[in-house]
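All remarks here apply to the structure that follows.
In what follows, chains are A, B, ... by sequence order, proteins preceding strands, each numbered from 1. Heavy atoms only: backbone and side chains are in, while hydrogens, waters and symmetry mates are out.
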There are 2 protein chains.
Amino acid sequence: MTSAGFGKPDDKRRRTIRDVAAHAGVSVASVSRVLSGKYSVGADTRSRVLRAVQELDFVVNAHARALTSEQPGMIALVVHAVTASFLANVAQAVEQQAAAEGHLCLVCTTQGRPDREVAVVNLMREQGARAVLLVGGVVETEDYPARMRQVAHALDAAGSRLVFCGRPAPAPDLPAAVVTYDNEGGAYAMTSFLVSAGHRSILFLGGDEGHTTADERIAGYRRALNDWAIPFDPALVQPGPFTRTFGYQRVKALLGKERTFTAVFAANDLVAAGVLRACREAGVAVPDDLSVVGYDDLPQAADFVPSLTTVRIPHDELGRAAVRAALHPEDPVDDHVLGTHVVVRDSVRPPRR
Amino acid sequence: MTSAGFGKPDDKRRRTIRDVAAHAGVSVASVSRVLSGKYSVGADTRSRVLRAVQELDFVVNAHARALTSEQPGMIALVVHAVTASFLANVAQAVEQQAAAEGHLCLVCTTQGRPDREVAVVNLMREQGARAVLLVGGVVETEDYPARMRQVAHALDAAGSRLVFCGRPAPAPDLPAAVVTYDNEGGAYAMTSFLVSAGHRSILFLGGDEGHTTADERIAGYRRALNDWAIPFDPALVQPGPFTRTFGYQRVKALLGKERTFTAVFAANDLVAAGVLRACREAGVAVPDDLSVVGYDDLPQAADFVPSLTTVRIPHDELGRAAVRAALHPEDPVDDHVLGTHVVVRDSVRPPRR
DNA sequence: ATGAAAGCGCTAACAG
DNA sequence: CTGTTAGCGCTTTCAT
């Protein structure tokens with residue numbers, strides 16, 4: 001390997017504002033003023049400082065700066081995993097909006113371990129993060145609300161903003177903002193869509209039990225059923241991980257027996273991908289023999305075979321809105337729960353009679 | 001207690017180590033010692049400090065700490081976009097490894113704008129990042145090597161490590177580490193695989209011109225052709241963006257005319273997805289009428305129809321190795337260029353004769 | 001317009 | 001083992 005260049009005879013000590021001042025023949029105060037740009041400085045002094053900065057290739061020490069002045073601070077993004085397409089999309093939007101507003105973006109992953117979430121939040125307190133965004137649904141364990149209450153107050157006491165993004169507030173009156181999208185409404189719309197296509201027996205598949213996102217989607221599904229006067233069959237809701245594997249295995253098993261449902265509402269597109277594959281292997285034609293829909297509208301959903309009818313979530317808007325809510329708490333907002341809508345493709349057809 | 005005059009319950013000022021010391025009735029040094037854990041402290045003192053920390057819900061100021069002691073520092077990850085599946089996977093691995101070694105992970109995106117790359121690196125210098133990882137290929141513009149040389153030296157002077165990850169070093173003897181995977185070898189193996197299946201006319205599709213990754217893959221393709229004594233036809237290499245859309249549109253156009261090739265080697269799986277869709281729409285059966293392969297082995301590649309034969313890149317190993325190279329420069333490493341291999345699925349068949 | 005100097009919150013000698 | 005104190009690099013009064 002090329003460790004060759006590392007041992008430069010150069011003094012590794014970072015240059016300080018003092019070095020610059022000496023080099024330019026001015027005081028440290030002047031250098032600071034030039035660098036911050038918000039004070040009037042003589043033209044001569046300014047140019048000498050600038051030249052010295054150039055020649056010494058100086059950059060300020062962000063830590064020292066943070067210690068004295070009110071700093072921009074970073075935006076911390078806490079997600080389950082960056083590899084989850086939905087989260088990556090939100091992260092992308094957050095990152096862009098944060099950059100646009102002059103903030104750095106720290107991404108932390110929890111791997112779904114709840115304890116990591118509070119550990120990460122404490123880390124952010126240490127860093128003096130300007131805001132912490134908790135993105136994506138969670139499994140609401142018993143102690144979750146209490147833990148969040150504590151976290152919210154700790155952050156608030158440190159002058160940081162907490163934002164729940166794509167996740168409901170665990171309790172009312174928390175010092176935190178909430179920016180979500182209409183999970184329940186999207187599921188309602190999708191279920192209605194299936195019903196109007198003639199389906200009466202719809203399997204809802206996937207979504208961890210107690211997971212906020214899953215719960216909301218199931219709630220929408222049930223409300224639609226209710227509104228259409230279709231009796232709810234508990235056996236038709238089969239919770240499970242939000243994974244391709246779960247969708248595949250569960251449907252594979254179900255396809256073995258006598259099948260009662262004519263459509264599958266997968267909890268998300270990943271689950272739907274598994275369902276489609278299971279159908280293909282079992283020789284069940286989609287949508288002719290079985291209709292399948294998903295939720296999220298991942299980029300690849302359009303490429304599924306058949307292309308997937310699913311619910312679109314406005315990732316970009318979500319990410320941007322979350323950053324704005326974090327940075328401009330006082331701003332009036334049009335809507336804190338963003339709309340979702342059904343994207344119709346080729347995976348639904350009226351059931352065979 | 002502190003701030004007698006300002007006893008407001010909602011005093012937003014962050015608590016300091018001094019508050020803790022006062023509350024515990026010990027000196028600030030003792031508090032610092034207990035917190036850092038690396039000094040011997042009396043049991044009584046320790047417990048009093050710990051209790052005070054609890055009661056005050058205190059967390060240290062990471063900036064102040066960074067100013068005095070040799071700190072862990074963060075690992076900065078610079079990528080084109082987090083939404084690119086390959087980059088997200090590497091980011092995931094980096095994040096995990098960094099966390100395991102006690103480092104925070106900052107993710108910055110460049111949106112492919114080269115100027116953003118150097119801006120971001122300067123930001124990292126200000127933050128005193130422990131390491132900066134430049135992940136993924138780039139289009140090597142004319143001034144790219146010079147810019148990287150400057151960046152590398154600036155980072156080196158600040159005591160940070162620069163790591164090129166999944167990208168070759170722009171010049172030799174740079175104070176930076178390189179951790180890559182065998183792009184050329186993977187393409188060679190894949191091309192050989194197609195040739196042994198009987199293909200003699202293979203279209204290489206996609207990959208921006210001048211992009212390091214694309215160049216390496218094309219090099220492997222050409223070397224294989226050469227080794228099999230198959231004349232190289234320049235018309236059979238069609239560069240373009242690494243996108244689904246490009247694969248789709250280009251193949252759509254090509255399928256209109258008389259077709260000479262019997263197989264398509266897509267520059268990556270995204271391009272392959274576009275190719276498959278174009279084929280489906282044009283009624284060209286894959287793999288019966290045309291073989292299609294990709295590169296990357298995205299999670300969804302197994303779900304393509306037909307499932308895609310592609311080249312697997314060891315994302316996880318790549319991310320972990322990059323972090324290790326950054327954090328332990330002196331460690332001996334088995335290999336700085338990780339192996340790739342062909343994953344055989346259902347999208348290749350001997351050409352019709 | 002510029003310089004001197006007092007901290008920001010913390011750690012690390014250095015005494016005791 | 002514990003307390004005192006001198007900075008880390010920078011910003012910001014306060015003088016000049």
Ignoring hydrogens and angles, tell me if any N or O in the side chain of A:His23 forms a donor-acceptor pair with the backbone of A:Asp19 under 3.5 Å. no
Is B:Val53 close to B:Leu35 at the side-chain level, that is, under 4.5 Å between some pair of heavy atoms? yes
Ordered by number, residues from residues 120-129 of chain A within less than 4.0 Å of DNA chain C (heavy atoms) are none
5'-most contact on DNA chain D: B:Ala64 or B:Thr45, nearest heavy atom basis? B:Thr45
Would a 4.5 Å heavy-atom cut-off, applied to side chains only, mark A:Arg324 and A:Val179 as touching? no
Name every donor-acceptor pair, under 3.5 Å, that has one atom in a side chain of residues 115-123 of chain B and the other anywhere in the protein, sequence neighbours excluded.
residue  : atom : partner  : partner atom : Å
B:Arg116 : NE   : B:Thr109 : O            : 3.3
B:Arg116 : NH2  : B:Thr109 : O            : 2.4
B:Glu117 : OE2  : B:Arg167 : NH2          : 3.4
B:Asn122 : OD1  : B:Arg125 : NE           : 3.3
B:Asn122 : OD1  : B:Arg125 : NH2          : 3.3

When rounded to the nearest 0.5 Å, the distance separating CZ of B:Arg14 from OG1 of B:Thr16 is 10.5 Å
Is a side-chain N or O of A:His63 found less than 3.5 angstrom from the main chain of B:Gln127, in a donor-acceptor match? yes
Does any non-hydrogen side-chain atom of A:Ile75 lie less than 4.5 Å from one of A:Leu327? yes
By nearest-nucleotide position on DNA chain C, the 5'-leaning member of A:Ser27 and B:Val60 is A:Ser27
Check A:Ala322 against A:Cys165 and note the closest heavy-atom contact, atom names and distance. CB-SG, 3.8 Å
Using a heavy-atom cut-off of 4.0 Å to chain A, what are the terminal contacting nucleotides of DNA chain D, in 5' to 3' order? D:dC8 to D:dT13
Taking side chain as C-beta onward, heavy atoms only, is B:Arg161 less than 4.5 Å from B:Pro329? yes
Supply the atom-to-atom distance A:Ser36 OG to A:Arg65 CZ, rounded to the nearest 0.5 angstrom. 7.5 Å
Check the surroundings of atom CG in A:Asp173: do more than 12 heavy atoms from other residues, nucleotides or ligands lie under 6.0 Å from it? no
Any chance the side chains of B:His315 and B:Gln92 put a donor and an acceptor closer than 3.5 Å? no
What I want to check is whether the side chains of B:Gln97 and B:His103 have a donor and an acceptor closer together than 3.5 Å. no
Would a distance-only check, ignoring hydrogens and angles, find a side-chain to backbone donor-acceptor pair under 3.5 Å from B:His153 to B:Pro175? no
Roughly what angle, to 10°, lies between the helix axis at the start of the helix from C:dA1-D:dT16 to C:dG16-D:dC1 and the one at its end, five pairs per end? 40°
Contact boundaries of DNA chain C with chain A (under 4.0 Å, heavy atoms), 5' to 3'? C:dA1 to C:dG9
Is there a donor-acceptor contact under 3.5 Å linking the side chains of A:Gln111 and A:His80? no
Is there a residue in residues 30-42 of chain B whose heavy atoms reach under 4.0 Å of DNA chain C, and which residues are they? B:Ser32, B:Arg33, B:Tyr39
